[in-house]
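Note sheet for the following structure.
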Number of protein chains: 2
Amino acid sequence: MIKEDLPNCADYVVPVRDCLDIISGKWKLPILGALIQGKKRFKELERSIINITPRMLSKELRELEINQMVKRTVYDTVPVTVEYELTPYGHSLRNVLNEMRAWGIQHRKRIMGTAIPNEVVPTEDLDLVEEEIKS
Amino acid sequence: MIKEDLPNCADYVVPVRDCLDIISGKWKLPILGALIQGKKRFKELERSIINITPRMLSKELRELEINQMVKRTVYDTVPVTVEYELTPYGHSLRNVLNEMRAWGIQHRKRIMGTAIPNEVVPTEDLDLVEEEIKS
DNA sequence: TTAGTTGCTATCATGAAGTATACCGATATA
DNA sequence: TATATCGGTATACTTCATGATAGCAACTAA
């Protein structure tokens, strides 16, 4: 069997996955959500994002920084101060996120008839829902 | 236009996560990409999506069906014939995917200075897609 | 008889993603 | 003296998504 053409539309799949990689993972969205409100220090992020460990926070911030979504600034104070903020480029995700958010809102309504879940939605992370709602 | 100021954590994170859950995972995008071209049978999908196992194909199709992205039709032939196709609702992901695709393309250019991904098979699929969706 | 087709499912193995916990050096506060 | 703060790292562990392989219940074609 010689492989035929258009196996899976790389032209369509690849860029979408590139975008997806930036915002996927358990903590990228909460981090972006926190930073969208303004610059924050490491501990501030750690406190505002419920249940995140410093290891994950550090790792995810580093990835966001590599992808130029986030700028990290170190101030020579004692103890050291490190500030994280969205770059202007990071804000370019807003259109994407707004599209996803709009779609997600109507999807939740469509699937379960109400916008705020107490029970089950397919593939939804209920812990996250509860924690975010409490905050 | 949604909101100029992005909302608080839960209002912002939860719907985006809902949307993300539909299209995340290793195989959802290739499956959607294949089905965007038109209805296909199980074995057709299995052959056209390189390296997917029947286990994963079955599982991902079931999830897409639960979320009303995909319609499954069984014909009483021998051997049995099963057709999968995007629902009209499934096509509503198009705006989201187009936003992500556009962002992904410019991001790849920005990060690596060139738009050449790993194993691209250039196709005209997006134009095809858009024209098919219009009908 | 043997092998192939269809659309799956069951079982087990693996690897990646995420968690838990402890720790760092320099300073400040109780 | 003891503890807390800052921004993390190191190590080990667990959990979850995915992979590999085999098989099923009908048939059909050679």
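Below, chain A is the first sequence line, B the second, and so on; all start at residue 1.
Taking the six-membered ring where the residue is Trp, Y84(A) and F42(A) present tilted rings, their angle falling between 30° and 60°.
Remark: side-chain polar atoms of T87(B) are paired, donor with acceptor, to backbone N or O of Q68(B) under 3.5 angstrom. Side-chain atoms of E60(A) do not come within 3.5 Å of backbone N or O of L57(A) as any donor-acceptor pair.
Both V74(B) and V70(B) are members of a single hydrophobic cluster when ILVMFWY side chains are connected at heavy-atom separations under 4.5 Å.
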Original post:
How does protein contact run along nucleotides 6-22 of chain C, one letter per nucleotide 5' to 3', with B for base contact, S for sugar-phosphate only, - for none, heavy atoms under 4.0 Å?
Top reply: SBBBBB------BBB--
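Atom pair Y75(A):OH and dT5(D):P shows a separation of 23 Å (rounding to whole Å applied). The interatomic distance linking D21(B) (CG) with dA17(D) (C1') rounds to 13 Å, in whole Å.
No more than 12 heavy-atom neighbours from other residues, nucleotides or ligands sit within 6.0 angstrom of CG on N51(B).
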